[in-house]
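We number each residue from 1, following the sequence as shown. Whatever order the structure lists them in is the order used to number ligands and atoms, beginning at 1. All values below come from the heavy atoms of this structure, side chains included, with hydrogens, waters and symmetry mates left out.
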Amino acid sequence: MLIAAIEAGGTKFVLGIGNENGEILERISIPTEDPSITMRKVVEFFQNKKFDAIGVGSFGPIDPRLESETYGYITTTPKQGWSNYNIIGELKKHFDVPIAFDTDVNGAALGESKWGSAKGLNSALYITVGTGIGAGAISEGKMIHGLLHPEMGHIVVRRHENDGFVGICPFHKDCLEGMASGPAIEARWGQKGYELQENHEAWQLEAYYIAQAIVNFILILSPEKVIMGGGVMKQIHLFPLIRKEIKRILNNYIIKKEVLEEIEQYIVPPTLGDNAGISGALALGLKAIEINESNS
Ligand code: ADP
Ligand code: ZN
């Protein structure tokens, strides 16, 4: 079985063909430009290829509710040209196969629980800390949706007492994303994350905000694994700082060995690495086939 996988990111689109074992057989990356240009390239890439379904994991916010009038749209993004853009409608004009549409992070959470760090578990959380911050959750074996989809990157965080930075979220200023995303690091310190030394105070502050958020997610969702990806998490020295801070905040409240003794295996990078996004889209495509078969 072959799946067309599309990881629609704000900076780049990754396109691939994969199979039911999670193998990516072919992949390319194209820059995210105006939808008319990018989607033309997407159609060209898949046009003469064989596949049974399409999975799209997208930057958001999106409308993933099948019953909705704006199903398949990227909705209120500030990204030029993509606001209220019907990405699934455009794909349907060209391809007559089942299509699944979800957030990039819900896809990544699904992919990691099928083939990666959360394999065999019923619940998991996937967080990306990059241009934005977002998280997707698997609970009782299913991706979480609701009114739309969770927006865990925009939660309120408790400001550090020595932190006077106003925050950069266009909607909330000092929400998690506004304080701890890659662009927030750059705005606060005047340098990009990868230019800062490992011993720079930026990292302790970064861990302070991210750990608070993860503690909240652990308390609310009770995930069996927390997987952290995205550009900023390439700074792997952040993992021990975040784990320590999580234990400090939880203060022995969650009496589970995963948190108390084995937190190195509880808060982890994605096994699928840079393929977490495209593998997520592949997992979504397989889901589209399952749903299609159970409806027919
Ligand atoms: P996107 O969010 O667009 O999918 P990324 O996850 O790569 O892309 O996130 C990009 C952000 O992460 C930028 O703000 C960039 O400065 C930051 N970033 C990328 N690589 C690193 C790194 N190695 N260390 C720290 N920050 C990084
Ligand atoms: Zn926000």
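- Side-chain N/O atoms of D63 and T70 include a donor and acceptor closer than 3.5 Å.
- Ring orientation note: the planes of W82 and F13 are tilted relative to one another, at an angle of 30° to 60°.
- Ligand 1 has a nitrogen or oxygen under 3.5 angstrom from a nitrogen or oxygen of T11.
- Within a 6.0 Å sphere centred on CG of D274, heavy atoms belonging to other residues, nucleotides or ligands number 12 at most.
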One pair to check against side chain to side chain contact (heavy atoms under 4.5 Å, CB included): V268 and K225. What are the steps and the verdict?
CA-CA 8 Å; V268 294; K225 194 72 86 177; 4.1 Å; yes

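- Residue-level check: among N/O/S atoms of H172, ND1 sits closest to the Zn ion (ligand 2).
- Ligand 1 lies within reach of P183, whose nearest heavy atom is under 4.0 Å from it.
- In this structure, K49 is positioned above the aromatic face of F45, its NZ or CZ under 6.0 Å from the six-membered ring centre and within 45° of the axis.
- There is a protein heavy atom closer than 4.0 angstrom to atom 20 (N) of ligand 1.
- Closest to atom 11 (C) of ligand 1 by heavy atom, among G9, G10, G130, is G130.
- Side-chain atoms of E33 and T38 include no donor-acceptor pair closer than 3.5 Å.
- For ligand 1, the polar-atom distance check finds an N/O of Q235 within less than 3.5 Å of one of the ligand's N/O atoms.
- Near G182, with a cut-off below 4.0 Å to any heavy atom, the atoms of ligand 1 are 14 (O).
- For atom 27 (C) of ligand 1, the nearest protein heavy atom (residue, atom name, distance) is G231 O, 3.4 Å.
- For ligand 1, the atoms lying closer than 4.0 Å to a non-hydrogen atom of G193 are 25 (C), 26 (N).
- Distances from atom 26 (N) of ligand 1 to the heavy atoms of I133, V232, V14 put V232 nearest.
- For the atom pair CG of L219 and CZ of F217, the computed distance is 11.0 Å after rounding to the nearest 0.5 Å.
- Atom 16 (O) of ligand 1 has its closest protein heavy atom at Y194 CE2, 3.9 Å.
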Does the salt bridge (Lys or Arg N to Asp or Glu O under 4.0 Å) test come out yes or no for E245 and R248, once each step is laid out?
CA-CA 5 Å; E245 190 65 10; R248 186 188 68 77; 2.7 Å; yes

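- Of the polar atoms of G230, none of the N or O atoms is found under 3.5 Å from an N or O of ligand 1, judged by distance alone.
- Here the heavy atom of the protein found nearest to atom 23 (N) of ligand 1 is K234 CB, 3.5 Å.
- F46 and F51 have their aromatic ring centers within a separation under 6.0 angstrom.
- With hydrogens and angles left out, the side-chain atoms of Y208 and D163 include no donor and acceptor closer than 3.5 Å.
- Atom 10 (C) of ligand 1 has as its closest protein heavy atom T131 OG1, 3.5 Å.
- Our summary of the site lists the angle at the Zn ion (ligand 2) between SG of C175 and ND1 of H154 as 110°, to the nearest 10 degrees.
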